[in-house]
Amino acid sequence: QAIAELPETAGAWRIVRSEAPTSNVDRTCAALSNCQYGVQVVERIVEKSERMLQSRAYLHQYEKYGVGSDTFAESYSRVQQVVARYEDVGFA
């Protein structure tokens with residue numbers, strides 16, 4: 001059941017919520033797309049997130065729970081590797 005659509009994507013993205021368990025963690029997030037638009041969205045999210053990390057925005061909230069800037073930097077690197085692979089095969 002879709003709970004929202006992102007208007008700027010012209011129907012390419014829908015936000016869907018499910019109560020079905022997916023793993024032994026409290027929260028999970030997944031992005032699925034059948035078009036090239038997803039790569040651009042992910043790139044913008046990573047760029048904004050990196051700027052926020054550089055300014056240390058909200059970082060103190062995560063550090064209380066043992067999640068520091070190194071964890072975020074590693075995560076951004078992994079996402080950028082995925083984006084690069086899509087670009088390599090011509091999906092971006």
Side-chain angles (χ1 to χ4, degrees):
Q1 169 186 357
I3 58 173
E5 287 200 20
L6 303 177
E8 68 273 11
T9 64
W13 285 81
R14 287 186 300 157
I15 299 171
V16 179
R17 180 178 181 194
S18 172
E19 298 295 328
T22 56
S23 62
N24 292 329
V25 295
D26 291 337
R27 308 241 188 255
T28 58
C29 177
L32 303 173
S33 178
N34 195 19
C35 66
Q36 298 173 359
Y37 187 81
V39 174
Q40 296 167 353
V41 171
V42 170
E43 286 177 326
R44 284 197 313 263
I45 291 169
V46 169
E47 288 170 5
K48 182 178 179 181
S49 299
E50 285 179 326
R51 287 193 305 271
M52 291 177 69
L53 179 62
Q54 289 171 355
S55 68
R56 299 191 54 83
Y58 305 105
L59 192 56
H60 66 283
Q61 299 287 347
Y62 293 96
E63 288 174 337
K64 288 191 299 189
Y65 299 100
V67 179
S69 60
D70 291 343
T71 303
F72 284 101
E74 182 181 327
S75 297
Y76 299 150
S77 176
R78 288 182 182 182
V79 171
Q80 288 170 331
Q81 289 173 1
V82 171
V83 168
R85 289 181 190 142
Y86 274 93
E87 290 171 342
D88 287 346
V89 295
F91 287 118

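Side-chain atoms are counted along with the backbone in the values below, which use heavy atoms only and exclude waters and symmetry mates.
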Problem - Donor-acceptor under 3.5 Å (S77 side chain, A73 main chain) - result: no
Fill in the blank from the handout: Of all heavy-atom pairs linking S69 and L53, the shortest is CB-CD1, 3.8 Å
Handout entry: pair F72-L59: side-chain heavy atoms closer than 4.5 Å
Key = yes
Handout entry: Rounded distance (nearest 0.5 Å) linking atom NZ of K48 with atom CZ of R51
Key = 8.0 Å
Handout entry: Residue among E43, R85, E50 satisfying side chain to side chain donor-acceptor pair (under 3.5 Å) with Q80
Key = E50
Problem - Side-chain heavy-atom pair Y76, S49 within 4.5 angstrom cut-off - result: yes
Completion exercise
Smallest heavy-atom separation, V46 atom then V79 atom, equals CG2-CG1, 3.5 Å
